[in-house]
Amino acid sequence: MDEKFNMFMETVDERFRSFVSQINEYLTGNGCKCDMKLQKSGYVVSYVSNSGKRTLATFVSRKTGMKLRIYPEHIQEYHSFLDTLPEKVKKEIKKASVCKRLVNPYDCNPKCVMGFTFLLDGEQHQKCRYMAFQPALSEENNPFLRFDTYYTP
């Protein structure tokens, strides 16, 4: 695993390697399993809870750069935190796809896990779990993506 993780780290922008390493150490140190796959666009590195039932976060390589997809299962507990996110991140969340299953359960694949209903800047949103919380790594965003400041797996 270390060799594969090192190969993944070589693909991460130098400016963000320390941050990615900190996220990895925090999640694996709290019992999450790190699962890595190489896809056409690059590595996909997922962190699965120690129960093996849910993915907490995934690093995804895109042409535009590395993103961290977060699956906030208990999002209702963090609505005040959401309001503190940088405006660019809020804009991305707001423009993310609506969760079809939340709006009409028959409009999406029945095996699809439903998305999230949450408040952001006082507005209610129903967003797809795979699209809503996927901010790009950046100097502005990274401090808000530090799990150890607000989340315990």
Quick one, [X] and [Y] - any side-chain contact, counting heavy atoms below 4.5 Å?
X      : Y      : value
Gln126 : Phe116 : no
Asp83  : Leu120 : yes
Leu27  : Cys34  : no
Val89  : Phe133 : no
Lys67  : Thr64  : yes
Cys32  : Leu56  : yes
Leu68  : Asn141 : no
Met36  : Tyr43  : yes

Pairs involving residues 130-144, ordered by first then second residue, that meet salt bridge (charged side-chain N to carboxylate O under 4.0 Å, His left out) (sequence neighbours left out): Arg15-Glu139
Only counting residues at least two apart or in another chain, list the ones meeting side chain to side chain donor-acceptor pair (under 3.5 Å) with Ser61. none
Quick one: list whatever passes side chain to side chain donor-acceptor pair (under 3.5 Å) with Thr55, sequence neighbours left out. none
Checking [X] now: which residues fulfil side-chain contact (heavy atoms from CB on, under 4.5 Å) with it, not counting sequence neighbours?
X     : value
Thr84 : Phe81, Phe144
Ala96 : Lys127, Met131, Ala132
Ser80 : none

Kindly determine whether Val113 and Arg129 satisfy side-chain contact (heavy atoms from CB on, under 4.5 Å), including the steps that lead there. CA-CA 8 Å; Val113 180; Arg129 69 185 286 105; 3.5 Å; yes
Mutual orientation of the aromatic rings belonging to Tyr130 and Tyr71 [parallel < 30°, tilted 30-60°, perpendicular > 60°]: perpendicular
Does a salt bridge link Asp2 with Lys4, judged by any charged N lying under 4.0 Å from a carboxylate O? no
Do you know the tightest heavy-atom contact between Pro72 and Ile70? CD-O, 3.1 Å
Partners passing ring pair (Phe, Tyr, Trp, His ring centres under 6.0 Å) against Tyr47 (at least two apart in sequence or in another chain): none
Check: residues 16-23 side-chain donor-acceptor pairs under 3.5 Å, at least two apart:
from	atom 1	to	atom 2	distance (Å)
Arg17	NE	Met9	O	3.0
Arg17	NE	Val12	O	2.9
Arg17	NH2	Glu10	O	3.2
Arg17	NH2	Val12	O	3.3
Ser21	OG	Glu25	OE2	3.2

Quick check for you: to the nearest 0.5 Å, what is the distance between Lys88 atom NZ and Ser138 atom OG? 6.5 Å
What's in the same ILVMFWY side-chain cluster as Val98, cut-off under 4.5 Å, chained through other members? Val103
Apart from Val44 itself, what residues make up its hydrophobic cluster when side-chain heavy atoms of I, L, V, M, F, W and Y under 4.5 Å apart count as a link, directly or indirectly? none
For residues 93-111, the side chain to side chain donor-acceptor pair (under 3.5 Å) pairs (sequence neighbours left out) are Lys94-Asp121
Suppose we screen for salt bridge (charged side-chain N to carboxylate O under 4.0 Å, His left out). Which residues come up paired with Glu87, at least two apart in sequence or across chains? Lys90
Verdict with reasoning, Ile75 to Thr117, per side-chain contact (heavy atoms from CB on, under 4.5 Å): CA-CA 8 Å; Ile75 194 163; Thr117 299; over 6 Å; no
